[in-house]
Amino acid sequence: MAPRSDEAQAFFHAVYSAVQEIPPGKVTSYGHIAKLVGTPQRPRQVGVCLKHLPSDPSERFNQYNVPWQRVINAKGAISLRSRPSAAHNQAVALEAEEVTVTTGALGELLVDFGLYGWFPRILPSEAAQGMVPSDEDDTEGDEE
DNA sequence: GGATTGACGGTCG
DNA sequence: ACGACCGCCAATC
(Lines give C-alpha, C1' and ligand atoms only; values in the text may rest on other atoms or scores of the structure.)
Protein backbone atom coordinates (compact mmCIF):
# COMPACT_ATOMS: atom_id res chain seq x y z
CA MET A 1 0.00 0.00 0.00
CA ALA A 2 2.75 2.38 0.92
CA PRO A 3 5.50 1.93 -1.64
CA ARG A 4 7.49 4.69 -0.12
CA SER A 5 10.17 4.90 2.51
CA ASP A 6 9.34 5.88 6.07
CA GLU A 7 11.11 9.15 5.57
CA ALA A 8 9.05 9.93 2.51
CA GLN A 9 5.89 8.98 4.32
CA ALA A 10 6.79 11.36 7.11
CA PHE A 11 7.16 14.05 4.47
CA PHE A 12 3.71 13.29 3.11
CA HIS A 13 2.34 13.43 6.63
CA ALA A 14 3.96 16.80 7.31
CA VAL A 15 2.68 18.25 4.05
CA TYR A 16 -0.88 17.11 4.65
CA SER A 17 -0.82 18.47 8.18
CA ALA A 18 0.48 21.83 6.99
CA VAL A 19 -2.15 22.08 4.29
CA GLN A 20 -4.86 21.35 6.82
CA GLU A 21 -3.83 24.48 8.68
CA ILE A 22 -4.82 26.72 5.80
CA PRO A 23 -8.02 28.49 6.82
CA PRO A 24 -11.02 28.43 4.48
CA GLY A 25 -11.06 31.32 2.07
CA LYS A 26 -7.29 31.63 2.08
CA VAL A 27 -4.59 30.15 -0.08
CA THR A 28 -0.86 29.54 -0.03
CA SER A 29 1.81 28.28 -2.39
CA TYR A 30 3.53 24.92 -2.80
CA GLY A 31 6.80 26.60 -1.93
CA HIS A 32 5.34 28.01 1.22
CA ILE A 33 4.21 24.60 2.38
CA ALA A 34 7.64 23.24 1.50
CA LYS A 35 9.22 25.84 3.76
CA LEU A 36 6.84 25.04 6.57
CA VAL A 37 7.74 21.37 6.52
CA GLY A 38 11.43 22.20 6.56
CA THR A 39 12.27 21.37 2.96
CA PRO A 40 12.23 24.67 1.08
CA GLN A 41 13.97 23.09 -1.89
CA ARG A 42 11.21 20.65 -2.63
CA PRO A 43 8.06 22.46 -3.63
CA ARG A 44 7.58 19.87 -6.36
CA GLN A 45 7.30 17.11 -3.83
CA VAL A 46 4.49 19.03 -2.20
CA GLY A 47 2.64 18.78 -5.49
CA VAL A 48 3.37 15.08 -5.57
CA CYS A 49 1.83 14.68 -2.15
CA LEU A 50 -1.35 16.42 -3.19
CA LYS A 51 -1.48 14.50 -6.43
CA HIS A 52 -1.43 11.24 -4.52
CA LEU A 53 -3.82 12.44 -1.86
CA PRO A 54 -5.84 9.33 -0.96
CA SER A 55 -9.42 9.25 -2.20
CA ASP A 56 -10.29 6.76 0.49
CA PRO A 57 -12.04 8.62 3.34
CA SER A 58 -10.87 5.98 5.79
CA GLU A 59 -7.29 7.13 5.36
CA ARG A 60 -6.06 9.58 7.97
CA PHE A 61 -5.34 12.11 5.27
CA ASN A 62 -7.66 12.14 2.31
CA GLN A 63 -8.95 14.55 -0.30
CA TYR A 64 -11.89 15.38 1.91
CA ASN A 65 -10.10 16.44 5.08
CA VAL A 66 -7.10 18.01 3.38
CA PRO A 67 -7.92 21.32 1.64
CA TRP A 68 -5.69 20.65 -1.36
CA GLN A 69 -7.54 23.29 -3.33
CA ARG A 70 -6.05 26.04 -1.19
CA VAL A 71 -2.58 25.36 -2.54
CA ILE A 72 -1.59 27.23 -5.67
CA ASN A 73 1.68 28.15 -7.31
CA ALA A 74 3.91 31.13 -6.59
CA LYS A 75 2.50 33.00 -9.57
CA GLY A 76 -0.83 33.11 -7.82
CA ALA A 77 -2.40 30.77 -10.34
CA ILE A 78 -3.77 27.25 -10.33
CA SER A 79 -1.09 24.98 -11.70
CA LEU A 80 -1.93 23.05 -14.82
CA ARG A 81 -1.50 19.32 -14.73
CA SER A 82 -2.02 16.30 -16.92
CA ARG A 83 -5.76 16.75 -16.93
CA PRO A 84 -6.85 20.38 -17.39
CA SER A 85 -10.25 19.52 -15.96
CA ALA A 86 -8.61 18.96 -12.58
CA ALA A 87 -7.41 22.54 -12.54
CA HIS A 88 -10.93 23.67 -13.33
CA ASN A 89 -12.14 21.48 -10.52
CA GLN A 90 -9.82 23.29 -8.15
CA ALA A 91 -11.17 26.62 -9.34
CA VAL A 92 -14.70 25.48 -8.63
CA ALA A 93 -13.71 24.27 -5.18
CA LEU A 94 -12.10 27.61 -4.39
CA GLU A 95 -15.08 29.58 -5.59
CA ALA A 96 -17.20 27.50 -3.25
CA GLU A 97 -15.12 29.09 -0.49
CA GLU A 98 -15.84 32.53 -1.82
CA VAL A 99 -12.39 32.81 -3.34
CA THR A 100 -12.46 34.69 -6.61
CA VAL A 101 -10.81 32.94 -9.53
CA THR A 102 -10.29 34.83 -12.76
CA THR A 103 -9.17 33.60 -16.14
CA GLY A 104 -6.04 35.15 -17.57
CA ALA A 105 -5.42 36.01 -21.19
CA LEU A 106 -3.72 32.65 -21.74
CA GLY A 107 -6.54 30.74 -20.11
CA GLU A 108 -4.69 30.47 -16.83
CA LEU A 109 -6.76 30.37 -13.69
CA LEU A 110 -5.61 33.23 -11.52
CA VAL A 111 -6.51 33.27 -7.84
CA ASP A 112 -7.15 36.72 -6.49
CA PHE A 113 -5.14 36.02 -3.36
CA GLY A 114 -4.49 39.72 -2.97
CA LEU A 115 -7.96 40.10 -1.55
CA TYR A 116 -7.60 37.27 0.88
CA GLY A 117 -3.94 37.17 1.72
CA TRP A 118 -1.55 34.28 1.95
CA PHE A 119 -1.33 31.87 4.78
CA PRO A 120 0.60 31.91 6.88
CA ARG A 121 1.69 35.40 6.13
CA ILE A 122 4.66 35.17 8.43
CA LEU A 123 6.97 32.18 8.60
CA PRO A 124 8.00 30.88 12.06
CA SER A 125 11.65 31.46 11.26
CA GLU A 126 10.97 35.02 10.24
CA ALA A 127 8.93 35.69 13.34
CA ALA A 128 11.77 34.35 15.51
CA GLN A 129 14.14 36.85 13.95
CA GLY A 130 11.65 39.62 14.48
CA MET A 131 11.56 40.16 10.79
CA VAL A 132 8.12 41.07 9.63
CA PRO A 133 7.86 41.59 5.88
CA SER A 134 4.46 43.17 6.50
CA ASP A 135 3.99 44.26 2.92
CA GLU A 136 6.11 45.20 -0.02
CA ASP A 137 8.03 48.00 1.55
CA ASP A 138 9.63 48.98 -1.69
CA THR A 139 9.65 52.54 -2.93
CA GLU A 140 7.18 51.75 -5.69
CA GLY A 141 4.12 52.90 -3.83
CA ASP A 142 2.05 51.45 -6.63
CA GLU A 143 -0.92 50.96 -4.39
CA GLU A 144 -2.54 52.58 -1.43
C1' DG B 1 15.76 -1.65 -12.96
C1' DG B 2 17.23 2.48 -15.61
C1' DA B 3 15.01 6.62 -17.67
C1' DT B 4 11.46 10.09 -17.79
C1' DT B 5 7.89 12.91 -15.71
C1' DG B 6 5.87 16.32 -12.86
C1' DA B 7 -0.26 19.90 -8.61
C1' DC B 8 7.23 24.06 -8.23
C1' DG B 9 10.46 27.69 -7.47
C1' DG B 10 14.79 30.10 -7.58
C1' DT B 11 18.62 31.54 -10.47
C1' DC B 12 20.77 32.85 -14.54
C1' DG B 13 21.07 34.77 -19.29
C1' DA C 1 10.76 41.79 -17.64
C1' DC C 2 10.56 37.32 -19.72
C1' DG C 3 12.57 32.79 -20.86
C1' DA C 4 15.68 28.82 -20.35
C1' DC C 5 17.96 25.88 -16.88
C1' DC C 6 18.72 23.39 -12.77
C1' DG C 7 17.54 21.06 -8.37
C1' DC C 8 14.59 17.66 -6.06
C1' DC C 9 12.72 13.05 -5.59
C1' DA C 10 8.38 9.88 -5.65
C1' DA C 11 5.78 7.87 -9.27
C1' DT C 12 5.38 6.09 -13.45
C1' DC C 13 6.92 4.09 -18.00
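The basis for the numbers below is simple: all heavy atoms, side chains too, and nothing from hydrogens, waters or symmetry mates. Letters go in sequence order (proteins before strands), and every chain restarts at 1. Fair warning: this is a prediction, and the values are worked out from it, not measured in the lab.
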In sequence, state the C-alpha distance, the side-chain angles, and the governing distance for A:Y30 and A:L50, and then conclude on side chain to side chain contact (heavy atoms under 4.5 Å, CB included). CA-CA 10 Å; A:Y30 297 94; A:L50 296 180; 3.9 Å; yes
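- Below 30°, between 30° and 60°, or above 60°: for A:H13 and A:F61 the angle between ring planes is above 60°, a perpendicular geometry.
- One can place NE2 of A:H52 at 10 Å from C1' of B:dA7, the figure rounded to the nearest angstrom.
- Counting to the nearest Å, the P atom of B:dG6 and the CD1 atom of A:I78 are 19 Å from each other.
- Put simply, CZ on A:R44 is 11 Å from P on B:dT5, counting in whole angstrom units.
- Of the candidates B:dG6, C:dC8, B:dG9, C:dC8 carries the atom nearest the A:Q41 side chain, counting heavy atoms from C-beta on.
- Using a 4.0 Å heavy-atom cutoff across all strands shown, A:L80 reaches sugar-phosphate atoms only and no base atom.
- The distance from atom CZ of A:R70 to atom C1' of B:dA7 is 16 Å, rounded to the nearest whole Å.
- A straight line from CD1 of A:I72 to P of B:dA7 spans 16 Å, rounded to a whole angstrom.
- Atoms CG (A:L110) and P (B:dA7) sit 18 Å apart, rounded to a whole Å.
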Full working for side chain to side chain contact (heavy atoms under 4.5 Å, CB included) between A:I72 and A:Q90: CA-CA 9 Å; A:I72 62 178; A:Q90 183 172 359; 4.0 Å; yes
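- Between the CG atom of A:L106 and the C1' atom of C:dC2 there is a distance of 13 Å, given to the nearest Å.
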Check against side chain to side chain contact (heavy atoms under 4.5 Å, CB included), A:V15 and A:I33: CA-CA 7 Å; A:V15 169; A:I33 295 296; 4.1 Å; yes
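- Among the nucleotides B:dC8, C:dA10, B:dA7, the one closest to any side-chain atom of A:F12 is C:dA10.
- The side chain of A:A8 has C:dA10 as its nearest neighbour among C:dA10, B:dG9, B:dA7.
- In this structure, A:F11 places its CZ atom 10 Å from C1' of C:dC8, rounding to the nearest Å.
- Note on A:S82: every side-chain N or O is 4.0 Å or more away from OP1 and OP2 of B:dT5.
- Here A:R70 pairs with A:E97 in a salt bridge; the nearest charged N to carboxylate O distance falls below 4.0 Å.
- Counting non-hydrogen atoms under 4.0 angstrom, A:R42 reaches the backbone sugars and phosphates but no base.
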